[in-house]
Amino acid sequence: MHWAERTAVNLAHRGDTHLIAAGITPSGEFHIGHIREILTCDMIVRACNHSGLNAELLFIVDSMDPLRKVYSFLSDDYEQFIGHPLYRIPPPDEQGKPIFDSDSSYAEHFLNPFLNALSELGVKLRISWNHEEYENGKFENATRLFLDNREEVVRILTDVSGRPLDEGWWPYSPIGYDGSFDGISITGWEDPFVTWIDSDGKIGKSHIGTDQGKLPWRLDWPAKWNFHGVTCEPFGKDHAASGGSYSTGRLLVEILGSKAPHPVPYEWIQLKGMGPMSSSANITVGPLEALEIVPPEILRYLIARNKPNRHIEFDTGGSLLEMADQYERLLATWKEDEMPDENATDRVKTAWEVDRAKISLSQTESDKEKLDPVATNISFRHLSMLAQIRSNDVDVWDSLQKSGLLDKQPSKSLKDRLRRMRNWIASEHFPEENKIIIQKELSDEARKSFNQGDLEYLTELRDAYSNCEWNASEINNKICNLARKHGIFLRNAFVILYQIHLGRPHGPRLAAVLAEIPRNDAIDALDRAINSLD
RNA sequence: GGGCCUGUAGCUUAGCCAGGUAGAGCGACGGACUUUUAAUCCGUUGGCCGGGGGUUCAAAUCCCCUCAGGCCCGCCA
């Protein structure tokens with residue numbers, strides 16, 4: 001059984017209606033790790049609904065959280081906003097300076113591109129802006145209960161996390177006159193107000209049913225579970241450590257009279273060769289960057305094929321091609337109605353079911369019955385070649401039509417694929433070994449690939465290049481016919497020509513590549529080879 | 001110190017929470033095709049399931065111990 005289905009089975013024991021929640025603080029650029037959180041939720045939601053449960057994905061934007069520090073991508077101007085809730089801070093411009101007259105907030109600035117990415121990934125969700133829930137008084141009851149049970153809260157936090165709290169600690173963080181959570185000392189609790197004094201000695205009070213303050217993180221989380229009715233929540237392994245926020249949260253939520261959601265701890269995504277993702281450090285591949293390179297269904301496949309508790313090495317280089325190949329092969333060879341026969345072992349049957357789930361969960365449209373043939377006919381690898389040798393999109397479509405892979409106009413998803421492929425090829429991530437480099441000189445390696453005996457062949461081919469129609473099939477005819485005529489194994493002829501033109505012993509269909517470059521460049525390359533024999 | 005995860009073929013891994021003959025893909029090797037080129041098709045190879053012990057008629061799977069690797073424990077997914 002697939003991990004998402006397994007989770008759905010576990011949830012079925014709790015009830016028929018489920019709210020799967022994801023909570024993310026929009027403190028900076030969103031990255032591929034956040035994609036994992038949301039897609040993990042999304043796949044559980046789909047598995048639930050598929051098995052007859054009623055599930056929904058709730059994306060909680062922790063917009064009430066304060067800015068912790070001036071991150072590396074922000075200018076020093078943000079010093080003044082440290083400790084302020086993210087929804088009240090202006091967004092940064094390209095230099096990282098605050099745009100004071102902007103219509104949107106810091107939180108929205110980072111969230112919006114992420115939402116677009118999720119939309120492309122086919123994720124359907126409901127958004128809850130946490131600061132609005134504070135404004136609307138959704139936290140009032142929980143806050144009251146925590147304040148009334150202050151000793152119990154303190155006991156749980158210190159016992160479970162093992163960290164002592166300050167003497168003057170209260171389960172509440174008011175916002176001061178300067179708009180910041182920092183530097184405030186609580187002086188009392190007079191329902192519905194928390195009274196406090198700031199560092200200048202000025203006193204104030206916050207109404208707990210408003211956004212005049214918030215619950216500290218470890219209390220904020222169970223409060224959200226409680227009023228939203230969260231039944232399942234995936235979270236990073238940092239929260240899963242014993243003494244972490246889940247282990248305190250599951251006890252604290254009992255004070256509120258509800259039950260902790262079913263936990264789904266997940267491992268982090270690492271960039272190949274680099275450390276883990278982090279919003280504050282510079283080692284992020286944003287979801288935008290990932291989505292500008294990787295087709296959405298491949299990104300979904302990456303998440304679907306890996307159980308949450310396995311860490312993922314995200315590699316935007318050569319293994320991306322391999323993963324795409326694997327996905328496409330799985331799709332291409334998949335026969336929905338060919339279940340393993342009854343005599344098959346359970347393992348074989350299970351493997352079949354897991355594969356089916358992987359394919360289904362990788363689709364951007366959850367209820368699609370038939371898979372998009374585009375995804376199965378035109379391989380990622382093939383497209384990587386075409387995109388390199390055909391600079392115009394129209395020529396790519398033309399080529400696909402000629403080779404019978406495309407019988408009508410390209411679909412939007414195919415156009416998107418090509419766009420992403422071009423981005424990838426142009427990026428630093430595209431693997432060197434898959435680059436097609438037209439040779440401007442004769443390499444030593446190439447020189448060794450042929451000898452005096454090939455002179456006539458090369459010479460005649462050179463003339464053929466000059467005279468034939470400059471298209472792929474004509475060029476291919478000349479290469480093959482002349483090779484036969486001169487008694488050269490076709491295989492060898494191609495090795496020689498690949499060396500001369502591309503500087504390596506093999507590559508994509510040579511004639512197609514040559515047809516894309518100016519005829520004279522091809523002739524020049526042969527001339528260099530011929531001259532080297534004199 | 002506390003805790004989590006992982007260890008299955010050369011590589012990536014499925015199967016483990018419901019114990020019942022170890023499944024893939026890639027690679028390698030062999031073959032077919034021979035206007036044929038990071039191609040396609042067919043086949044072969046390859047695993048004391050990290051190690052030890054226990055439970056069981058039966059263990060990759062459950063329990064205990066152990067070794068190795070990765071990670072978390074202010075905030076972070």
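Per chain, numbering begins at 1; letters A, B, ... match sequence-line order. Just so we're clear, the structure is a prediction, and the values are computed from it rather than from any experiment.
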Chemist: If you pin A/R484 and A/T350 to their nearest nucleotides in RNA chain B, which one's is more 5'?
Modeler: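 Checking each residue's closest nucleotide, the 5'-ward one belongs to A/T350.
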Chemist: What contact category does A/M1 fall into here, base, sugar-phosphate, or nothing, at under 4.0 angstrom with non-hydrogen atoms?
Modeler: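 Answer is base: heavy atoms of A/M1 come under 4.0 Å of a base.
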Chemist: Give a yes/no answer on whether the side chain of A/H311 brings an N or O atom under 4.0 Å of OP1 or OP2 in B/G70.
Modeler: no
Chemist: Choosing from B/U35, B/G7, B/C76, which nucleotide comes nearest the side chain of A/H239?
Modeler: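 Closest nucleotide to the A/H239 side chain: B/C76.
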Chemist: Between the side chains of A/E79 and A/K69, is the shortest nitrogen-to-carboxylate-oxygen separation below 4.0 Å, so that they form an ion pair?
Modeler: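 Salt bridge flag = no for A/E79 with A/K69.
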Chemist: With a 4.0 Å cut-off on heavy atoms, is A/T40 in touch with a base, just the backbone sugar-phosphate, or nothing at all?
Modeler: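 It contacts nothing in the nucleic acid.
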Chemist: With respect to the side chain of A/V354, which nucleotide from B/U36, B/G15, B/A77 is positioned closest?
Modeler: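 Selected nucleotide: B/G15.
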Chemist: Starting at the 5' end of RNA chain B, which residue's closest nucleotide do you reach first, A/W3 or A/W217?
Modeler: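 Going by which nucleotide is closer to the 5' end, it is A/W3.
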Chemist: Given atom CD1 of A/I312 and atom P of B/U6, what is their separation to the nearest angstrom?
Modeler: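 One finds 14 Å between P of B/U6 and CD1 of A/I312, rounded.
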Chemist: Within the pair A/R305 and B/U13, is there a side-chain N or O less than 4.0 Å away from OP1 or OP2?
Modeler: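 For A/R305, the contact criterion (side-chain N or O under 4.0 Å from OP1 or OP2 of B/U13) is not met.
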Chemist: Report which part of the nucleic acid A/D65 touches: base, sugar-phosphate, or nothing (heavy-atom distance under 4.0 Å, all strands).
Modeler: nothing
Chemist: So, is A/R509 near the phosphate of B/U35, with a side-chain N or O under 4.0 Å from OP1 or OP2?
Modeler: no
Chemist: Are A/Y134 and A/W129 close enough that their ring centers fall under 6.0 Å?
Modeler: no
Chemist: Just how far, in rounded Å, is C1' of B/C72 from CD1 of A/I269?
Modeler: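 Nearest whole value for this atom pair: 17 Å.
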Chemist: For a quick check of understanding: with a heavy-atom distance under 4.0 Å over all strands, which category does A/L510 fall into, base, sugar-phosphate or nothing?
Modeler: nothing
Chemist: When you check the gap from the basic side-chain N to the acidic O, do A/R36 and A/E267 get nearer than 4.0 Å?
Modeler: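 Salt bridge flag = no for A/E267 with A/R36.
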Chemist: Under a 4.0 Å threshold between the charged nitrogen and the carboxylate oxygen, would A/D62 count as salt-bridged to A/K224?
Modeler: yes
Chemist: Specify the separation, in whole Å, of atom CD of A/E267 and atom C1' of B/G69.
Modeler: 12 Å
Chemist: Tell me whether A/R300 contacts the main-chain N or O of A/L361 through its side chain, where contact means a donor paired with an acceptor under 3.5 Å.
Modeler: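 The answer is yes, because a donor-acceptor pair under 3.5 Å joins these two groups.
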Chemist: Of the listed nucleotides (B/U13, B/G25, B/U35), which one gets closest to any side-chain atom of A/R310?
Modeler: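 Taking heavy atoms from C-beta onward, the closest nucleotide is B/U13.
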Chemist: Any base atoms under 4.0 Å from A/N309, or only sugar-phosphate, or nothing? Heavy atoms, all strands.
Modeler: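 Sugar-phosphate only.
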Chemist: Roughly how many Å is it from CD1 in A/I479 to P in B/U35, rounded to a whole number?
Modeler: 13 Å
Chemist: Would you mind pulling out the nucleotide paired to B/U40, Watson-Crick or G-U wobble, both distances under 3.5 Å?
Modeler: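 Result: B/A32.
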Chemist: Give one of base, sugar-phosphate or nothing for A/F235, where a contact means two heavy atoms less than 4.0 Å apart.
Modeler: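 Touches sugar-phosphate only.
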Chemist: Let's test this: given Watson-Crick or G-U wobble pairing with both distances under 3.5 Å, identify the partner of B/C62.
Modeler: B/G54
Chemist: I need the CD-C1' distance between A/E353 and B/G23, as an integer number of Å.
Modeler: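 The answer, rounded to whole Å, is 14 Å.
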Chemist: May I ask you to say what A/R491 touches in the nucleic acid, namely base, sugar-phosphate or nothing, with a heavy-atom cut-off under 4.0 Å?
Modeler: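 The answer is base, as A/R491 lies within the cut-off (heavy atoms under 4.0 Å) of a base atom.
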Chemist: Is the A/W225 ring parallel, tilted or perpendicular to the A/W221 ring (thresholds 30°, 60°)?
Modeler: tilted
Chemist: Is there a side-chain polar atom (N or O) of A/K307 under 4.0 Å from OP1 or OP2 of B/G15?
Modeler: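 For B/G15, OP1/OP2 do have a side-chain N/O of A/K307 under 4.0 Å.
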Chemist: A/I359 has an atom CD1; how far is it from atom C1' of B/A14, in whole Å?
Modeler: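 A/I359 atom CD1 is separated from B/A14 atom C1' by 14 Å.
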Chemist: Counting any heavy atom closer than 4.0 Å, what does A/Y266 reach on the DNA or RNA strands: base, sugar-phosphate only, or nothing?
Modeler: base
